[in-house]
Amino acid sequence: MLRTVIGLEIHAQLKTETKAFCGCRADVFDLEPNTAICPVCTGQPGTLPVLNKKVVEFAILAGIAMNCTINKHSVFDRKNYFYPDLPKGYQITQYFFPIAEHGYLYLENGEDKRKVRIRRIHIEEDAGKMVHQGTDSITGSSGSLVDLNRCGVPLIEIVTEPDLRSPSEARIFMELLRDTLRALEVCSGDMEKGALRCDANISMVDETGRSSNRVEVKNINSFKFVEKALEFEQERISKVLLSGEDVAKETRSWSFQSKETFSMRSKEEENDYRYFPEPDLPVLVVSDELIERIKESLPELPWEKVDRFVEQYSLPRYDATVLSSNADIASYFEEVAQVTGRPKESSNWIMGEVMRLMNDKELTIEEVKVNPEHFTELFDLIDEGKISNKIAKDIFPTIVEEKKSAREIVKEKGLEQIDDDKVIEDALQKAMVNNPAAVQQFREGKEGVLGYFVGAVMKATRGKANPSKVNEIARRMLKN
Amino acid sequence: MTKNPLNLRLSEIISLGDTFKFYRKRIDKYNNELNAFLQVRTLSEERQGFPYATKDNILALGTRTTCASRILGNYDSPYDATVTKRLNSKGGQLLGKTNMDEFAMGSSTENSAFGPSRNPWDLSRIPGGSSGGSAAAVAAGLTPFALGSDTGGSVRQPASMCGIIGFKPTYGLVSRYGLVAFASSLDQIGPMTRCLQDAADVMSMISGHDSRDSNTIRHALSFDISLGGNLKGLKFAVPSEMLSYPGLDEEVKERFLSTTKEIERSGAVVEVISIPSVEYAVATYYLIAPAEASSNLSRYDGIRFGPRQQSEDYEGLTNESRDIGFGKEVKRRILLGTFTLSATYYDAYYRKALKTRRVMAGELNKVLDEYDFILNPSSPVIAPKIGEITDPLAYYLMDIYTIPANVAGLPSISVPAGFVNGMPVGVLMTGKRFSDVSILDAAKGIEDLSPSFSDGLAIIPERWTE
């Protein structure tokens, strides 16, 4: 059996107002090309970088949340390589002495809970973007355009130890990281917009403990693809190994179109980045006071929230985890749970209807959330037997859209549940007359046919009949 | 104009007002012979204030900044360097940009893509470098003062060869924002003037913390002073390694030793001491400076700067643009720096050079704990003839006297101290970090006893005063 070993290098764009080393705005995703640039971030001769203090604070915050040691002295270095989207010809990064090291996060995968070690977190700057014509790389393109807006947008690079054991663990870890960075409010976490990017190193080890060469997979741009790309690579590597060949040490790129990886460059083609200390920036010294102040500002982290939700609201761990993955959803849940006094129902509704609506219509929680009082009313209506769960779910989008209370809508649309035995009996009678064969089947012991009659009654009453009552009456009438 | 500005100090020129035209006309008259200026600004009636010149690696709006390189041949400055901005805010009027060795790499201005500048004392000789254009311009009275940049002696060595003052301040005292980087940890802008008081006056305008340069020092030194020039009681150390340096010309040495005698006669103590690591100064410098340069110059890839060469692919475009855009010396240093930073050789060369740098700084500082200043010749030779020295290593080795100050970030000044065979020579004083004010003051003492001055100003060769 082959064992999979995965380590991740994650780049997270920091949500600071301005770029890492100049005063240009940092939220450049939707801007016209080359509209958020200045002499510094376009690498004009004579310009010098000035470190954005906020970047340091965000990096420290992330470091503390991930249980890292914060280095009181860290150093910026230059990573040298030529590319048109890198106007200085080097990237400012922290290579020799990063700001944070030796951390960990707990990864929960079903019953399994394990430490995934963080090797280091360092600060660096993003490069620009290129648009190639006729192809999607510079090689063979008939012309390439450069957009320098993204140059100098602050990043933290988070490097894990090779502690992940499967593609799905890698995906779960990325989600955990996203949730953590979001809770810290240092990164939007949107992989699709490139705010969070993941390069994965994968190798496979056989029974004798012998490891294959390591393959790096780049250009993974969604959480789903983290898993897909690594599954593809896992499959590819095991095939190579089983055929008795050696796995090439190389960098491969994930193509989300063809859903496969392809070789970008071999080991021999790797750049020598000629790292050396950045002479334009002094050693970054962080005081104990700053670290303490940031520690105190640390918000509740996703896993702490999960524990608290389980404890405080007696939620199943699964519910708590889903709700905690987004700070806004979590706080909305808490509001609804407290107002209604019914945490489990609140959780069911938010995880079900609210999140479904968000997904289907691509809405944010802000756009979907309704006054918690509406939930109280909805729950009451169900309890009182006035409406069925099904009707409640049906009218929920109307509550959201029209901002009306459940009672109003039920009244307006005449949706009150039918509890009247007579109405239900009449409807059932009709159904039995229409399908005597089914009646016969039930009497011969085919219990499943019951569902058919319940369905028929629900249909006749346009879903308004009280389902438990229909069940009870159907059972009684069919027997006779 | 009743007074001749050539006989005036900067403060007097400033109060005189309208001298832009005077100097601007002198440039028109003499620059053909000197090739000190690469560009001059148009003569305009509106130009009031005191004139000045800067080396062509300092950005100034309304001028090109070429670094005497083809690759920046048509580069218009998109912003003002901090020093330019500060001088202009005090009433400065830029006359033009001066010639230099390409990207400040060299000691002769022979590496300029636009031809060498010439020494005002002998047109067949180099003015020194890399700030040779600035030195020649000041020495010939084409500008009251000029700014140069000093990475390994590029302000002080040409100043000594042209018979003027060249001051390299403590690293971090003058903002580098807008100075095109050669070797960032060594580069420092400094004034080139005809007297010490002018150097102090320029420093008071250009020095001080700048939020755009993270390496500038927060606490400011005040240069708003009148220099006394008292040498009495000062202790000078002359490193034996520099006196016994085999390349030191005998007559230059004699001239230097007689200057030290006069300094002693003024009541100062001069002692010969040993700074062993100085022998490694040149080696250390030529590892660190090219390494930083190789990185600093990678932005000139033909995409945004310089004449872009057409090619099949990006790599070809970059290679060809750089091949055509850079001169020989620049390429040599880029190759050297790229090599020493490569993963295989980093430990053997670059890391070791950083270590040597620390050791050397330690030794220099130790000497400076005991002595006020280190004293040595500014250059081992008088200005060579243009084209005379063809081995680049010969020029590298000549930097031994000026390099230690850059490597340790110390303030250092070259003061004209007489002539050898009709050519100026200088003495070099190097002090502790932040001793900039006292070094200027002591240097004023040397100025007072030096035969290179007349009425308190460095002598301008007659040819340029006719």
Side-chain angles (χ1 to χ4, degrees), chain A residues 21-23 34 37-40 42-53 76-92 95-96 128 130 132 137-146 148 151 269-284, chain B residues 57-59 65 67 71-72 75 77-82 103 172 175-181 183-187 210-216 288 291-292 294-305 313-315 317-319 322 337-346 350-351 354:
Chain A
F21 301 112
C22 67
N34 298 310
I37 55 174
C38 74
V40 175
T42 58
Q44 297 301 312
T47 55
L48 299 168
V50 176
L51 178 60
N52 180 347
K53 200 176 164 198
F76 287 94
D77 300 294
R78 289 186 185 176
K79 176 180 180 177
N80 296 283
Y81 64 95
F82 288 98
Y83 209 63
D85 67 7
L86 189 72
K88 296 194 297 296
Y90 56 83
Q91 176 196 33
I92 302 178
Y95 180 71
F96 295 106
M130 291 190 76
H132 305 291
S137 83
I138 195 164
T139 328
S141 91
S142 59
S144 299
L145 300 171
V146 189
L148 298 180
C151 286
E269 293 166 282
E270 289 286 336
N271 257 315
D272 180 344
Y273 291 119
R274 291 171 286 122
Y275 290 99
F276 76 105
E278 161 63 287
D280 288 331
L281 289 168
V283 170
L284 174 55
Chain B
N57 59 354
I58 295 172
L59 276 80
T65 297
C67 293
I71 213 154
L72 286 176
Y75 181 66
S77 314
Y79 65 97
D80 266 330
T82 297
F103 284 102
S175 170
R176 290 181 300 121
Y177 188 76
L179 166 68
V180 180
S184 315
S185 74
L186 302 159
D187 295 342
D210 177 15
S211 61
R212 290 181 179 279
D213 178 354
S214 310
N215 286 333
T216 50
I288 291 172
E292 292 183 17
S294 71
S295 171
N296 283 329
L297 269 60
S298 21
R299 71 191 65 196
Y300 311 111
D301 60 356
I303 297 292
R304 286 159 313 133
F305 308 107
D313 54 16
Y314 170 65
E315 205 179 295
L317 181 159
T318 303
N319 286 344
R322 287 166 73 81
T338 304
F339 175 77
T340 55
L341 284 181
S342 65
T344 323
Y345 294 102
Y346 185 89
Y350 189 75
R351 196 186 292 279
L354 290 184

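Chain A is the first sequence line, chain B the second, and so forth, proteins listed ahead of strands; every chain is numbered from 1. Quick note: numbers below take in every heavy atom, side chains included, and nothing from hydrogens, waters or symmetry partners.
Judged by distance alone, the side chains of B/Y346 and A/R274 never bring a donor and an acceptor atom under 3.5 Å apart.
In this structure, the side chains of A/Q44 and B/F305 come closer than 4.5 Å at one or more pairs of heavy atoms. Inter-residue side-chain proximity for A/Y81 and B/S298 is flagged as unmet; no heavy-atom pair is nearer than 4.5 Å. Looking at A/Y90 and B/N296, their side chains come closer than 4.5 Å, going by heavy atoms from C-beta outward. Considering only heavy atoms from C-beta on, B/Y350 comes within 4.5 Å of A/P277 through its side chain.
With a 4.5 Å cut-off on non-hydrogen atoms, A/Y275 touches chain B through its backbone but not through its side chain. If you measure heavy-atom distances from A/D280 to chain B, the contacts under 4.5 Å come from both the backbone and the side chain. Looking at B/S77, neither its backbone nor its side chain comes within 4.5 Å of chain A, counting heavy atoms on both sides. Looking at A/F21, there are no atoms closer than 4.5 Å to chain B (heavy atoms on both sides), in backbone or side chain. Heavy-atom distances place both the backbone and the side chain of B/R176 under 4.5 Å from chain A.
Within 6.0 Å of CZ in B/R212 there are 12 or fewer heavy atoms belonging to other residues, nucleotides or ligands.
Every residue meeting the side-chain hydrogen bond (donor to acceptor under 3.5 Å, both in side chains) condition with A/E278, not counting sequence neighbours, appears here in chain and number order: A/R78. Evaluation of the side-chain hydrogen bond (donor to acceptor under 3.5 Å, both in side chains) rule for B/D213 yields no partner, not counting sequence neighbours.
Here the closest heavy-atom approach between residue B/A291 and residue A/F276 is recorded as O-CZ, 4.3 Å. Pairing each heavy atom of B/S214 with each of A/V50, the nearest pair is OG-CA, 3.8 Å.
Note: A/F82 CZ to B/L317 CG = 11.5 Å, rounded to the nearest 0.5 Å. Between the CG atom of A/D85 and the CD1 atom of B/I303 there is a distance of 10.0 Å, given to the nearest 0.5 Å.
Among B/E315, B/E292, B/R304, the residue making the largest number of heavy-atom pairs under 4.5 Å with chain A is B/R304. Heavy-atom pairs under 4.5 Å with chain B peak, among A/S144, A/P45, A/G89, at A/P45. Counting heavy-atom pairs closer than 4.5 Å to chain A, the top-ranked of the candidates B/G178, B/A183, B/G337, B/S185 is B/G178. Counting heavy-atom pairs closer than 4.5 Å to chain A, the top-ranked of the candidates B/Y79, B/Y314, B/Y177 is B/Y314. Looking only at heavy-atom pairs under 4.5 Å with chain A, the residue among B/S295, B/S211, B/S175, B/A181 that has the most is B/S295. By number of non-hydrogen pairs under 4.5 angstrom with chain A, the leading residue of B/T338, B/T340, B/L59 is B/T338.
Looking only at distances, a side-chain donor or acceptor of A/D272 sits under 3.5 Å from a matching main-chain atom of B/A343. Using a distance-only test at 3.5 Å, with no hydrogens or angles considered, a donor-acceptor pair links the side chain of B/N215 to the main chain of A/P279. Within the 3.5 Å criterion, the main-chain N or O of A/P87 finds no donor-acceptor partner in the side chain of B/R299.
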